[in-house]
Every structure is written in structure tokens, then in C-alpha cells.
Amino acid sequence: MRNKGKEIFNGYKLNKKFTIVILLVLGICLLFFTVNSFYTTKSMIVSQSVQETRRWIEEDYASVQKMTELCSMSAQIFMEDRELQDFLRNLKNGSSISSAEYFDFFRNHVNTMESMVNSNPYLYQIRIYAYNNSFPEMDPIIYHMDRMEDFPWAQTYESGTWQVDYPDYLLSKTDNHHLISLVSNMIDGRGDEVGVVEAVVSMEEMFPRIYGPTDYSWGCFVKDDGTIVSSGKDTVWESSKEDIVDALSPTTSWNYVYTTIDGHEVIIAQQYMEEFSGTYVCLYSLAQQSRQMFLQQAQNSLVIILVFLVMAVVIHITVKTLFKRFYVILGVVRKVQDGDLDERIPVSGKDEISEMGVQINEMLDNIQVLMKDKIDREVLVKNTEIKALQNQINAHFIYNVLESIKMMAEIDEEYEISDAITALGELLRYNLKWVSSTVTIREEISYIRNYIRLMNLRYDFTIILSVNIDEDIYDQRIPKMSLQPIVENAILHGIAQLGEDATIYIKSLTRGDEFAITITDSGIGMDEEHRILLEKKINGEIDDPDSKHGIGLKNVNYRIKMQFGEKYGLTVHSMEGCYTKITVHLPRYSEKKEDKNADLIDRGR
């Protein structure tokens, strides 16, 4: 599938490819922007919801603190009332109380206490339980102690603690009020316990958010023993209250979690209330905000799609316009390919496409010139081939004549002349035989021997040739005429100027995968200044057209570097009045490598 898509893409024109790539990059950028915007908006909604839920918790906690403080103060007022303490002590001790005293206490004291309770908007009731179950109860303030036994906390409460979420069974067993109260033992001035004070607040008043759940908010109170206090109303959250509580972690301060309950994203905040021995929990649903966010994102996505479509049209037109001149150039190239070399590209502007048009026009001009040169060269090659054929015929004629002269010299017993003619014939054959551009060192040394033999006929002094080459080096191949020009240079510029018998030493040195051929003459040598000048000429660092000294060595050095690489070539060592030594540095090849190298050289030439 991937290869098929790649094949389809490669089949498109260049302007379509550019359009597709640009639109792809633009689409990725817009997609990244959309996704990033979505997550940024969602993160902002979550952050705002957390702040809102925390504000709720803090407001509710502040309200609870205020209510508990007022309840404590109200209960304390009751417990410090001396007349009430005396009345309860008399009831506990079974002292005789007349009807007039009952009536007077109820009218002057109980009514006052009831007015105080009614004046506190947070209080549901303050009840006092006396240790006497036979006196006339003073509703709604003073009750028999056995009334307290109807409450679930009666047997386990501790003085000064809050009792959370219990029904009001004081007057009716079917009462559905949920109460929370501060229960304290009343101690008189003598230190005796004379009664129990219950400062009661409605749970709905203390935790209004618990008893007013909606589809987007819900609350509960979790006691330390794990009991969950909630409204019990049939809402989407009520059935999942255990999961909501399980999502929380134990803490003694404010904390929140962002999680999912029954597929709904919610913020669940908690605040531990030490006085109530439990945790107040508030849930805030993100459903409404998420719905608004998705609607907003849908609108944004629609705008982005419209922008993308407009940009696609603009990009297509722009790319097509930019590539118009490119297709003009392509049309000219196709005409040239069909053989119309007179076609030229119209150039306008100074951009890269215009520069390409100029370069192609220049290339076409050069092609026409090269084609003309090629035709001229082909004519020259034909003429050269004819001339080479003639030379071959002439060479055979010369060989035959030399052979006749040699026979005449031998008949007259002129053996020195016969040997000279033999050497000359060998030289001619070596020079005229160009079957391969490389020869073995053995063949080159043989040529040098014949050359020295002829030079000894020319000069009055004798040139001695000393050859010391390892047997395995003899079969190494080198460019033809690589050593002879060095020997010739040694004779002309070293030995001939000395004018007396001299020796040329040729020896080999092997160093791993390389070897060197040194050619040393016992001629006049040269000083350091001339040696450096000669080495620069050999390496092509200076060019002196008026001096022919070193031209042959420069050509040899150039041919060796071209064939084997820059690390190989000639180096010069000399001492004035003593010697000159030329060292030829060459790579060493095995038999297979030699053959391969020879073939490469032949093809290159």
C-alpha cells in the first residue's frame, strides 16, 4: 500500500507535488493548532472548575465554622445558667417543687430560653434532658432523660462532641428531619452532672449543598467510620456515591481529584472537618462546560476547514504561476532532445529559474561548439589512423633495412656495429609498440639497457648501468616510459656535463604495500637551491617555459599521480659535485590487482 501511494505520488507533476506537500504541512499545522487549542481550552475549564469547587468548599466550610461557633456559644449560655442548674439539680435529687415554682420557672426562664433559640436563625432547637422522668416536661426546652434514649448516639456519645445525621424521634418516630447536634453534659457549680444539653442544627441548614443536588453538582459527608451521609434523592450521582468516595484519598486538609464517574468528567473536592469527625465532599460535573466547549470547537474546526480550502486554492494558483517558467524551460529541453539545438529559452528576471535558463542556453551553445569539435576530431582520427597505418608500413620497412645492415656488419665482422643496430631496433620496437599503456618494470629496464648501450656509442666516456631490483618487483606494472626519461635526464644534466666515466644505479626498496625505484647518477649533482627549484617544477608549483630542464620529470610525475593517486610520484635528493637521486614512489599490486589496474589504465587512455 505504501509503495503504491509512493508510485502514485511520483506520477504527479512537480507543481502538484509541491501543492500536496505544502497543503500537507499546512494541514498538520492546523491540526496541531486545533488539538492544542482543544486541550488548552479543556485545561482552562478544568482549572476554572477546580477554583469554583474550591470556592464552594471554602464558603461552606466558613459557614459551618460560623454555625458551630454560634451553637457552642448558645449551648454554653444554657450550661452556665445558675437558675437552670439549680432547677435540674432539684429534679435529679427528687426535691419537692411546687406548682407555683414550676409555673414561675417556665414563665420567667423557659420562655426566655425559647426566645433566645428562636432569635438564632441557625438553631433548630436546644434541648435539655434532666435526670428525672416524672416531672412535667417544658416543651420545647426541658425533657425527661429517657427521651434521649431514642437517639442512636445516646449510649456512645462523649460530652462536647457533635453527633451527625440522625432523625428527630423526640416527638414522632416518623420524623424525617436530619439533625446534627452538639451534645454536652451540664455540670453545676458543685461539679455534679445535672443534665445533658443538645444544641441541634438541621443538616439541611448546616450542609445545604448536600440536600440540594443537581445534575451538575452533588455533595455528601463521609464519617470516619465510612458512613456516607447524602440527601438520598434519586440523581445520577446518588447511585455512584461509593465510587465517588473511593476516588478520594485520605487527607486532613483540602484536596481534589479530576476523574470520570459513569462516563462523566467531574471534579471531586474534599475538606476534612475535625469537629464532625468526617470529610465534607463536593462534586462538580463538567458536562455543561464540555458541551459548550465541543460546540465552540466544532465552530472553530469549521472555520479552520474553510481557511484550509481557501489556502488550498491560493497555494495551487501560486505554485502553478511559479512553475510556469519552469515548464517553458522543460518544453525547450524536450525540443532539444528531439534534435532542435537552435532552440533557446527566453530569460526574464534574476531569480534561480532565470539563472537556470541562462545556464541551459550557454550549455546549448557549448554543445554546438563541442559537436563541431567532435566532427573535426573524428576527421582527424581518421587521418591519424591512415597515418598510423602508413607509419606501421614504414616501421616494417625500417626494421627490414636495419636487419640487412646488421647482417652486412656481421659478415664484415663489425660486431660492435651489429650490436648497436640490434639495440636501436629494440628501441624502435619499444617506442612504436603501444598495445598497452603500461609495461612491466622488466620491460622498462630492458629498454633502458638498450638506451645506455646506444649512449655509450655517442659519448667518449663510458656509462655503467647497475641494476639491483628484487625479482618480485620486476613484474610490477608501471606507465610506459616512466623510468627512461629519468635516466635520460641523469645523462644529459649530470653525467654529460661531468665528461668522464660514471655510473647510474637503479635499485628497488619495498615498504609493505608500496615500493620505490631509485635512480642515482654519479654526476655533477646540484645545490639545495636548485634541488628545491627542480622539485617545484616536477610538482607543477612553478612554470618556466624558457627552461626545458625538468619537463620530462614533470610529465612522469603527472602520469604516475594520475594513475595511482596523489600520494605517489617523484622526489629529488642531491649533493653538489657528488650525486643526484630520483625516487619513484609506487603502489605494490598482486597479480590480479596488476591486471585490473592495467585494464583500467588502458581504458582510460
Side-chain angles (χ1 to χ4, degrees), residues 53-81 84 113-129 140-141 143 148 151-154 156-170 175 177-187 193 195-213 217-231 245 248 250-255 269-283:
T53 308
R54 183 167 189 174
R55 184 178 63 80
W56 287 359
I57 289 280
E58 290 176 347
E59 289 178 354
D60 292 350
Y61 189 59
S63 176
V64 167
Q65 293 293 319
K66 183 177 180 181
M67 293 175 67
T68 55
E69 184 178 352
L70 288 174
C71 288
S72 288
M73 291 175 59
S74 299
Q76 194 66 31
I77 292 172
F78 275 61
M79 288 189 295
E80 293 177 356
D81 190 324
L84 179 60
M113 288 188 289
E114 185 177 0
S115 298
M116 187 181 68
V117 172
N118 293 333
S119 65
N120 189 334
Y122 300 115
L123 284 173
Y124 174 79
Q125 213 168 18
I126 292 183
R127 298 163 176 166
I128 300 171
Y129 301 96
I141 300 296
Y143 297 93
M148 193 177 73
F151 298 120
W153 47 264
T156 59
Y157 83 94
E158 294 180 6
S159 179
T161 60
W162 286 86
Q163 309 304 316
V164 181
D165 190 45
Y166 61 93
D168 189 6
Y169 289 161
L170 185 63
D175 192 286
H177 283 90
H178 293 268
L179 305 180
I180 180 172
S181 64
L182 175 63
V183 181
S184 304
N185 294 331
M186 180 178 285
I187 309 298
E193 184 179 329
V196 178
V197 178
E198 179 192 17
V200 186
V201 180
S202 171
M203 283 288 289
E204 288 86 345
E205 189 71 31
M206 185 70 79
F207 300 106
R209 210 175 300 277
I210 293 178
Y211 294 92
S217 64
W218 181 82
C220 71
F221 186 83
V222 184
K223 297 180 182 180
D224 286 347
D225 62 4
T227 304
I228 301 174
V229 178
S230 63
S231 66
V245 173
L248 300 173
T251 180
T252 58
S253 61
W254 182 90
N255 192 21
Q270 59 180 333
Q271 175 67 54
Y272 187 76
M273 297 184 176
E274 187 175 0
E275 55 270 66
F276 298 149
S277 300
T279 302
Y280 177 52
V281 178
C282 186
L283 177 145

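The model shown is predicted, which means the values in this text are computed figures rather than measured ones.
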| message | Test your reading of the model: is there a side-chain donor-acceptor pair from S202 to the backbone of E204, 3.5 Å cut-off? | response | yes
| said: Is it true that, when you exclude E69 itself, more than 12 heavy atoms of the residues, nucleotides or ligands shown sit nearer than 6.0 Å to its CD? | reply: no
| field | S72 side, atom OG; W162 side, atom CH2 - distance, nearest 0.5 Å | value | 5.5 Å
| said: So, taking the atom named CD1 in I126 and the one named CG in L182, what distance separates them when rounded to the nearest 0.5 Å? | reply: 9.5 Å
| said: Can you confirm whether more than 12 heavy atoms, excluding those of M116, are under 6.0 Å from its CE atom? | reply: yes
| message | Could you walk me through whether F276 and D165 satisfy the side chain to side chain contact (heavy atoms under 4.5 Å, CB included) test, starting with their C-alpha distance in whole Å, then the side-chain angles of each, then the deciding distance to 0.1 Å, before giving a yes or no? | response | CA-CA 10 Å; F276 298 149; D165 190 45; over 6 Å; no
| From R54 atom CZ to E59 atom CD, the distance as rounded to the nearest 0.5 Å | 13.0 Å
| note | All heavy atoms of W254 vs all of A269, minimum pair found to be NE1-CB, 4.1 Å
| task | Return the set of residues passing side-chain hydrogen bond (donor to acceptor under 3.5 Å, both in side chains) with S231 (not counting sequence neighbours), or none when no residue passes. | result | none
| message | Please check this pair: side chain of S74 against backbone of L70, looking for a donor-acceptor N/O pair closer than 3.5 Å. | response | yes
| task | Would you name the heavy atoms of Q163 and Y166 that are closest together and state the gap between them? | result | O-CE2, 3.6 Å
| message | Is a donor from one side chain sitting under 3.5 angstrom from an acceptor on the other, for E198 and Q125? | response | no
| Can you say whether the rings of W153 and Y157 are parallel (under 30°), tilted (30 to 60°) or perpendicular (over 60°)? | perpendicular
| request: Give, for atom CD of E58 and atom SG of C282, the distance between the pair rounded to the nearest 0.5 Å. | output: 12.0 Å
| Is any side-chain heavy atom of V197 less than 4.5 Å from a side-chain heavy atom of Q76? | no
| pair M273-Q65: side-chain heavy atoms closer than 4.5 Å | no
| What orientation do Y143 and Y129 show, parallel under 30°, tilted 30 to 60°, or perpendicular over 60°? | tilted
| said: I need the D224 CG to E274 CD distance, nearest 0.5 Å. | reply: 9.5 Å
| said: Going by side-chain hydrogen bond (donor to acceptor under 3.5 Å, both in side chains), name the residues that satisfy it together with E205, two or more places apart in sequence or in a different chain. | reply: none
| Atom pair CZ (F221) and CE (M203), whose distance is rounded to the nearest 0.5 Å | 7.5 Å
| task | Please assess Q270 against V222 for the test side chain to side chain contact (heavy atoms under 4.5 Å, CB included), listing each intermediate value before the final yes or no. | result | CA-CA 10 Å; Q270 59 180 333; V222 184; over 6 Å; no
| remark: Correct closest heavy-atom pair for V164 and K223 would be O-NZ, 3.0 Å
| said: Among residues at least two apart in sequence or on other chains, which ones pass salt bridge (charged side-chain N to carboxylate O under 4.0 Å, His left out) with D60? | reply: R209
| task | For residues Y211 and S230, report the shortest heavy-atom separation together with the two atoms involved. | result | CE2-O, 4.1 Å
| Shortest non-hydrogen separation from M186 to M79 and the atoms involved | CE-CA, 3.5 Å
| What's the verdict on side chain to side chain contact (heavy atoms under 4.5 Å, CB included) for I180 and Y124, showing C-alpha distance, side-chain angles and the deciding distance? | CA-CA 9 Å; I180 180 172; Y124 174 79; over 6 Å; no
| said: Quick check: closest heavy atoms across S277 and Y272, and the distance to 0.1 Å? | reply: CA-OH, 4.0 Å
